[in-house]
Participant: 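Sharing a structure, written as structure tokens. Questions coming.
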Amino acid sequence: MVRNIVILTGAGISAESGVPTFRAADGLWEGHRVEDVATPEAFRRNPALVQTFYDQRRAFLGQVVPNAAHLALARLEAQWRERGLGEFLLVTQNVDDLHDRAGHNRLLHMHGELNSALCTACGAARPWRGPLIDDPACPACQRSGSLRPDIVWFGEMPYHMDAIGDALSRCDLFVSIGTSGAVYPAAGFVQWAKDAGARTLELNLEPSAGTPMFDEARHGPAGTLVPAWVEEMLGAL
């Protein structure tokens, strides 16, 4: 019987809400080279470009809403919690707030959040919904010009790895949704879960780099696959 669930989501689940995926076929992210907007070196080299890029991404969140896949996962978590069935953890690689708005409580953003700012002076992270391009003061230390997007860039350590590892080591079921299976450390979660004896399931638009590692894989739109899978899970209770 499944008691403890860990679910990993990636860009594919938010793409159906209209959020652009991380990297397009031409290697660009929203018209920019990743090296120019998603590394600490890029921020030091051209902070105005990086701040403007993420300010635009942050403002865009107001134009999108959670889709059927987000809502189905939130429903599953609510039922798991209300019935006291076991542990539930949703880990997302996405920096948007669609899972949050769908109603999750057990949610970890391993790559940071657009709606958060990180102070390079004092290290404090604070909720942030406005622009950063105008160098506002840090709410914690009051230093101006020290805030950056609270995003894990290439070369930086993802957040919450200890908590994620603990959950993977105890889970009975690991589900990967809308991920490429190519970006580590997230791409290694399936093996981590398998080593703990968990059953593993991939739900993705198409086969990913990690598909052969899963016990089962289902391919198609997240907005169709995820609600159907959630119905299966709840129907089996």
Side-chain angles (χ1 to χ4, degrees), residues 1-19 21-22 61 64-111 113 160 163-164 166-181 183 186-187 189-194 196-208 210-237:
M1 177 180 176
V2 173
R3 290 189 53 80
N4 300 333
I5 302 176
V6 175
I7 297 174
L8 171 69
T9 65
I13 195 170
S14 292
E16 293 181 41
S17 288
V19 178
T21 54
F22 177 71
L61 293 180
V64 295
V65 297
N67 60 52
H70 295 105
L71 298 174
L73 291 177
R75 179 178 171 228
L76 179 63
E77 181 193 334
Q79 289 293 310
W80 220 254
R81 185 176 64 251
E82 290 172 10
R83 302 188 190 193
L85 298 173
E87 298 179 10
F88 182 105
L89 178 64
L90 177 65
V91 180
T92 187
Q93 297 170 279
N94 300 335
V95 297
D96 61 61
D97 63 348
L98 296 180
H99 282 305
D100 306 78
R101 282 193 269 158
H104 281 282
N105 289 292
R106 288 284 292 144
L107 169 65
L108 296 178
H109 284 268
M110 66 179 292
H111 290 161
E113 303 177 61
H160 313 297
I164 294 169
D166 287 344
L168 287 168
S169 68
R170 295 193 304 271
C171 73
D172 305 301
L173 174 64
F174 171 73
V175 185
S176 175
I177 303 171
T179 68
S180 67
V183 179
F189 289 176
V190 57
Q191 188 60 56
W192 201 331
K194 288 174 74 74
R199 184 167 67 87
T200 57
L201 169 66
E202 176 184 73
L203 304 176
N204 204 43
L205 183 61
E206 56 192 17
S208 73
T211 296
M213 301 181 68
F214 287 85
D215 297 319
E216 180 185 358
R218 305 179 190 180
H219 299 128
T224 301
L225 291 182
V226 176
W229 172 71
V230 168
E231 287 298 326
E232 287 181 23
M233 291 292 293
L234 295 178
L237 298 180

Participant: Looking at every non-hydrogen atom in both residues, tell me the closest pair between E202 and F214 and how far apart they are.
Facilitator: N-CD2, 3.6 Å
Participant: Taking all non-hydrogen atoms of both residues into account, name the closest pair between L89 and A167 and its distance.
Facilitator: CD2-CB, 3.5 Å
Participant: Run the side chain to side chain contact (heavy atoms under 4.5 Å, CB included) check on H219 and L205 step by step: do they pass?
Facilitator: CA-CA 5 Å; H219 299 128; L205 183 61; over 6 Å; no
Participant: Can a salt bridge be assigned to the pair E87 and R81 using a cut-off of 4.0 Å between side-chain N and carboxylate O?
Facilitator: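 Salt bridge absent between E87 and R81.
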Participant: With a 4.5 Å cut-off on side-chain heavy atoms, are L73 and V226 touching?
Facilitator: yes
Participant: Which residues satisfy the ring pair (Phe, Tyr, Trp, His ring centres under 6.0 Å) test with H99, sequence neighbours excluded?
Facilitator: H70, H104
Participant: Who are the side chain to side chain donor-acceptor pair (under 3.5 Å) partners of E82, not counting sequence neighbours?
Facilitator: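 Partners of E82 by the side chain to side chain donor-acceptor pair (under 3.5 Å) criterion come out as none, since no residue qualifies.
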Participant: Would a distance-only check, ignoring hydrogens and angles, find a side-chain to backbone donor-acceptor pair under 3.5 Å from D172 to N4?
Facilitator: yes
Participant: Kindly say whether G223 contributes a backbone atom to a donor-acceptor pair with the side chain of N67 at under 3.5 angstrom?
Facilitator: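 No: the side chain of N67 does not pair with the backbone of G223.
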Participant: I'd like to know whether I5 forms a side chain to side chain contact (heavy atoms under 4.5 Å, CB included) with M233, so could you lay out the CA-CA distance, the side-chain angles of the two residues, the decisive distance to 0.1 Å, and finally the verdict.
Facilitator: CA-CA 11 Å; I5 302 176; M233 291 292 293; 3.9 Å; yes
Participant: Nearest heavy-atom pair of L61 and R101: which atoms, and what distance?
Facilitator: O-NH2, 3.0 Å
Participant: Evaluate L201 against W229 for side chain to side chain contact (heavy atoms under 4.5 Å, CB included), listing each step before the verdict.
Facilitator: CA-CA 10 Å; L201 169 66; W229 172 71; 3.4 Å; yes
Participant: Working to the nearest 0.5 Å, report the span between CZ of F189 and CD1 of I164.
Facilitator: 4.5 Å
Participant: Contact between L98 and V64 at the side-chain level, heavy atoms closer than 4.5 Å - yes or no?
Facilitator: yes
Participant: Flag the pair R75 and E77 as a salt bridge only when some basic side-chain nitrogen lies within less than 4.0 angstrom of an acidic carboxylate oxygen.
Facilitator: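 Answer for the salt bridge query: no.
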Participant: Can you confirm whether M110 sits close enough to T92 that some side-chain heavy atom of one is under 4.5 Å from a side-chain heavy atom of the other?
Facilitator: no
Participant: Could you give the distance from OG1 (T200) to CG (D215), rounded to the nearest 0.5 Å?
Facilitator: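 If we round to the nearest 0.5 Å, T200:OG1 and D215:CG are 3.5 Å apart.
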Participant: Side chain to side chain contact (heavy atoms under 4.5 Å, CB included), that's the test. Do N204 and T211 meet it? Break it down for me.
Facilitator: CA-CA 9 Å; N204 204 43; T211 296; 6.0 Å; no
Participant: Is any side-chain heavy atom of V6 closer than 4.5 Å to one of F88?
Facilitator: no
Participant: Give a yes or no on whether the backbone of A222 and the side-chain of E16 come within a donor-acceptor separation of less than 3.5 Å.
Facilitator: yes
Participant: Not counting sequence neighbours, which residues clear side chain to side chain donor-acceptor pair (under 3.5 Å) with R3? List them please.
Facilitator: none
Participant: At their closest point, which heavy atom of A198 faces which heavy atom of F174, and how far apart are they?
Facilitator: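 Looks like CB-N, 4.5 Å.
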Participant: Would a 4.5 Å heavy-atom cut-off, applied to side chains only, mark I7 and I177 as touching?
Facilitator: yes
Participant: If you look at every heavy atom in L71 and P66, which pair is closest and at what distance?
Facilitator: CD2-CB, 4.2 Å
Participant: Give the minimum heavy-atom separation between R218 and L225, together with the two atoms involved.
Facilitator: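 Shortest heavy-atom separation between R218 and L225 comes out as O-CD1, 3.4 Å.
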Participant: Regarding N94 and H109, is there a side-chain donor-to-acceptor distance under 3.5 Å anywhere?
Facilitator: no
Participant: Checking side-chain hydrogen bond (donor to acceptor under 3.5 Å, both in side chains) for the pair S176/T179: CA distance, chi angles, key distance, verdict?
Facilitator: CA-CA 7 Å; S176 175; T179 68; 2.8 Å; yes
Participant: Side chains of S180 and S208: is there a donor and an acceptor less than 3.5 Å apart?
Facilitator: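 No, because no side-chain N or O of S180 sits under 3.5 Å from a partner of the opposite role on S208.
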